[in-house]
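First up is the structure itself, then whatever we jot down about it.
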Amino acid sequence: MSAPRRFRRSTMAGYSFMNDLSNVVRMDEPIRGPMPRWQKKNVDASNSSINMSFNASRSKMNTSLNCSTNQSKTPNKGGSSRSKTPSKTPSKTPTKSPRSNPPSKSPTPGKSGGDRFIPNRSATDFDLGYLKLKQVPPEEVGSPTQTEKERAMSETLHGRDISSQRILSYQNKAPLPPEGYQNHLKVVYTQTKTPASVKATNRYIPSAPDRILDAPDICDDYYLNLIDWGSNNILAVALGTSVYLWNAATGSIEQLLDLESNDYVSSLSWIQSGEGEHLAVGTSLGPIQLWDTVAMKRERVMAGHGGRVGSLAWNSYILSSGSRTGQIMHSDVRMRDHKVLIVSGHTQEVCGLKWSPDGRYMASGGNDNLVNIWPAEYNTMRTQAQPLYSLSAHQAAVKAVAWCPWQPHILATGGGTADRCIRFWNANSGVLLNTIDTKSQVVSILWSAHYKELISGHGYANNQLIIWKYPSMAKVSELTGHSSRVLHMSMSPDGTTVISAGADETLRLWKCFDVDPSKKKSTKEVKPVPSLLKTRIR
């Protein structure tokens, strides 16, 4: 090959390379990229129509070819040129005629295309969206009355409840699945068996009280504990300066005591051990009285507090008492010198006091918004000198304290008007397990012995009782009837009835934990254990 020809070829190759490079880097042409979605839909629609026409013509062609083939297989008797004689043995596999492809579904006319997740500008309120994006939640939550007033004003100004409005509005809703469709992937996210707690929710709970009793002159004070239902099925109620005993079996009422005019009853508590015939009575002046309710006489008076005694709790023969000074005193009621230990864990009045069912812990709630968990001293019935945990999550006074009967290390506490929350604690670790905002002042909490449930009593502003499923804390029932705030609650010894005392001077009995007679277990007769205090109180 001559040199000029090689030179021309190299020159042409370089020219073509430069031409391709300039075409690639040119900016005045439209950018080449993937086809837009609307163009793809048009192309798909045209392709589907072309495929339909092509398939129709192809089916016609195949039909004509089959006819001609069948005619050619028949031998021509008169013709000079003969076709091949067909085989005598027919083919085992029958000849199948080619099937035409079913026509593809064309897009449904009249329906607007597009993604349903693209917002609809005409249905979106941009002013409301900007407000909700820039809105800062308040640091302090007001009272329930103030919150309801603000909600009503907002609904009046905006014409609707803006708390339920969305920032963006979409064109279409999500398409519904076809009828009879079952999502087999739900097995991954659901349980195979229904929990027993869910099965047991279909029970009848009366919405009205079973009985209403009058309680005139009951002290309307959040920090006191003025009713207690003993294991002997007798209810003790403090009305002003007097204490009355109501026998739930017979309905009889007896007056146990009447204090002097300058004193009043501030707390009551039945002894837990033995036959439950001794009642501890705390007074506003400080001394604690111990009464024998069978003989209707006072056994002894125990001094030691400098202020009123608002809470009492028994642990066998040890009586723990909390006073307005913030001190807790442990008294051995069998001994002449009853003082065993005095502990200081609160700076204000102790209004809630409870021992755990296993006797390992004692919980105390105070007006200083604290919850203290006290460990029991080894081989004794009193606590140690220092609390194991001091919990400060509540924002108001803590009067409602209750231990779970089937999990003795679980503690439930309830706060006052500024808090309105029920909190659950693990006493072994001091960890907060759950918090529920009840929207109302919590005055008392009781656990059910027959169901995985608890009931809470509320004061301002709902004045009701609420039954909760544990641990989901779903509302089972709301019991209303008190015209003023609920002050105290207590449970019957069989665990079926709850009594509530309100500031409306009424006692209401709610049969909310009644057991189905068909599910009751046969219980053997248990002989009562004689009281330790009969021969040892001096």
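The shown structure was predicted, so the numbers you read here are calculated from the model rather than taken from an experiment. All residue numbers in this chain count up from 1 along the given sequence.
Side-chain atoms of S284 and D263 include a donor-acceptor pair closer than 3.5 Å. Donor-acceptor pairing under 3.5 Å is recorded for the side chains of H305 and S321. Between the side chains of W510 and T497, not a single donor N or O lies within less than 3.5 Å of an accepting N or O. Neither side chain, H488 nor N225, offers a donor N or O lying under 3.5 Å from an acceptor on the other. Looking at H482 and D504, their side chains do bring a donor and an acceptor atom within 3.5 Å of each other. For the residue pair H346 / S364, a side-chain donor-acceptor distance below 3.5 Å is found, with atom types taken as modelled. Looking at T417 and Q441, their side chains do bring a donor and an acceptor atom within 3.5 Å of each other. With no hydrogens or angles considered, a side-chain donor-acceptor pair links N367 and Y223 at under 3.5 Å. Between the side chains of D514 and Y204, no donor-acceptor pair of N or O atoms lies under 3.5 Å. Residues S440 and T438 have side chains that never bring a donor and an acceptor to within less than 3.5 angstrom of each other. Counting only N and O atoms by type, the side chains of H394 and D419 include a donor and acceptor under 3.5 Å apart.
Within the model, atoms CH2 of W229 and CH2 of W270 stand 12.5 Å from one another, a figure rounded to the nearest 0.5 Å.
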Applying side-chain contact (heavy atoms from CB on, under 4.5 Å) to M362 and I328, what does each step give before you reach the verdict? CA-CA 11 Å; M362 185 189 72; I328 299 174; 4.0 Å; yes
Test L268 against L279 for side-chain contact (heavy atoms from CB on, under 4.5 Å), laying out the working first. CA-CA 7 Å; L268 297 172; L279 179 69; 4.3 Å; yes
Report the C-alpha distance between F424 and Y470 in whole Å, list the side-chain angles of each, state the deciding distance to 0.1 Å, and finish with yes or no for ring-ring contact (aromatic ring centres under 6.0 Å, His included). CA-CA 11 Å; F424 297 91; Y470 183 82; 5.3 Å; yes
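By the 6.0 Å contact criterion, CD on Q386 is open, its count of non-hydrogen atoms from other residues, nucleotides or ligands being 12 or less. Applying the 6.0 Å contact sphere to CG of D220 captures more than 12 heavy atoms from other residues, nucleotides or ligands.
Under the 4.5 Å side-chain criterion, counting only non-hydrogen atoms from C-beta, L446 is not in contact with L454.
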